[in-house]
Amino acid sequence: MDVLSSRVLIHPKDLDVSTAFYRDTLGLAIDKEFPGGTVFFAGNGSIEIVGTGKTGPTSDVALWLQVRDLPAALEELAAKGLDPVRGARREPWGLDEAWIADPDGTRIVLVEVPREHPLRTDPR
């Protein structure tokens, strides 16, 4: 299989509210807009807010968004009225993480990879 691109599809309860959250609160740039949906850039992937969901989020699924500076990201979100579901802390696997949620309760894990973490070590 030769995958050319990928995106996560989110079917929200309220399309307009969720679109505004990802656009205005998170500040994600729009890649594409079409009747009934919006695709946002999210690093090397995309998030598509589309249609209307029926079942809502599950704790088994979360979005993982790596940020350059976790405290600064949380400060920016707080200025927009969004408080974390779980504050920033260093996880046992060495990443700094905080959790937020979208309007439907979908968990979004904000991650900063510390300078000394192996994910940032150049193996060459």
Side-chain angles (χ1 to χ4, degrees):
M1 176 169 59
D2 191 16
V3 177
L4 301 178
S5 69
S6 65
R7 66 177 75 154
V8 173
L9 300 166
I10 297 176
H11 301 280
K13 291 177 189 169
D14 186 316
L15 182 64
D16 293 335
V17 168
S18 289
T19 300
F21 173 82
Y22 285 90
R23 181 191 61 227
D24 303 332
T25 304
L26 294 187
L28 300 182
I30 294 173
D31 178 22
K32 298 172 184 61
E33 291 181 290
F34 52 89
T38 303
V39 179
F40 294 94
F41 289 108
N44 288 332
S46 300
I47 299 170
E48 182 174 329
I49 308 302
V50 62
T52 303
K54 294 176 178 51
T55 60
T58 171
S59 60
D60 294 338
V61 176
L63 294 177
W64 193 88
L65 301 178
Q66 183 179 344
V67 297
R68 188 175 310 282
D69 183 335
L70 184 57
L74 291 172
E75 186 176 305
E76 179 182 333
L77 293 171
K80 295 177 181 180
L82 182 67
D83 293 320
V85 172
R86 197 199 77 187
R89 67 180 184 212
R90 173 111 355 132
E91 297 294 347
W93 44 89
L95 299 176
D96 295 335
E97 296 184 5
W99 299 353
I100 61 173
D102 77 2
D104 289 332
T106 299
R107 183 167 35 114
I108 301 170
V109 181
L110 301 177
V111 179
E112 179 180 342
V113 179
R115 186 173 313 281
E116 68 278 2
H117 194 280
L119 289 176
R120 288 186 56 172
T121 302
D122 186 346
R124 292 178 284 164

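- We find the CZ-CG distance between R90 and L95 to be 8.5 Å, quoted to the nearest 0.5 Å.
- H117 places no side-chain N or O within donor-acceptor distance of the main-chain N or O of E112, the cut-off being under 3.5 Å.
- Listed here is the closest heavy atom pair of A88 and L74: CB-CD1, 3.9 Å.
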Please report, to 0.1 Å, the donor-acceptor pairs under 3.5 Å made by any side chain of residues 16-24, with sequence neighbours excluded.
residue: T19; atom: OG1; partner: L15; partner atom: O; Å: 2.8
residue: Y22; atom: OH; partner: D102; partner atom: OD2; Å: 2.8

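- When every heavy atom of D104 is checked against every heavy atom of P12, the shortest pair comes out as OD2-CA, 3.0 Å.
- With K80 contributing its side chain and T25 its backbone, the two residues share a donor-acceptor pair below 3.5 Å.
- Within the 4.5 Å cutoff, no side-chain heavy atoms of L70 are placed close to those of V111.
- Through side-chain heavy atoms spaced under 4.5 Å, either directly or across other Ile, Leu, Val, Met, Phe, Trp or Tyr residues, V3 is tied to M1.
- Put simply, V8 and V67 are part of the same group of oily side chains (I, L, V, M, F, W, Y) that touch within less than 4.5 Å, one to the next.
- One finds the OG1 atom of T106 at 6.5 Å from the CG atom of L63 (value rounded to the nearest 0.5 Å).
- Between I30 and E33, the shortest heavy-atom contact is CG2-CG, 3.5 Å.
- Atom CG of L65 is separated from atom CG of L26 by 7.0 Å, given to the nearest 0.5 angstrom.
- By the criterion of side-chain heavy atoms lying less than 4.5 angstrom apart, applied directly or through intervening Ile, Leu, Val, Met, Phe, Trp or Tyr residues, I100 is not grouped with W64; the two fall into different hydrophobic clusters.
- Rounded to the nearest 0.5 angstrom, D96 CG and Q66 CD are separated by 11.0 Å.
- Salt bridge status for R107 with E97: absent, with no side-chain N to carboxylate O gap under 4.0 Å.
- Linking ILVMFWY residues whenever their side-chain heavy atoms come closer than 4.5 Å, directly or via other members, leaves L9 and V61 in distinct clusters.
- Residue-environment remark: CD (E91) exceeds the threshold of 12 foreign heavy atoms within 6.0 Å.
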List, one per line, each side-chain donor-acceptor pair under 3.5 Å for residues 36-58, sequence neighbours excluded.
residue: E48; atom: OE1; partner: R7; partner atom: NH1; Å: 2.6
residue: T58; atom: OG1; partner: D60; partner atom: N; Å: 3.2

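- In the hydrophobic clustering of this structure, F34 does not group with I10; members are Ile, Leu, Val, Met, Phe, Trp, Tyr whose side-chain heavy atoms approach within less than 4.5 Å, directly or through other members.
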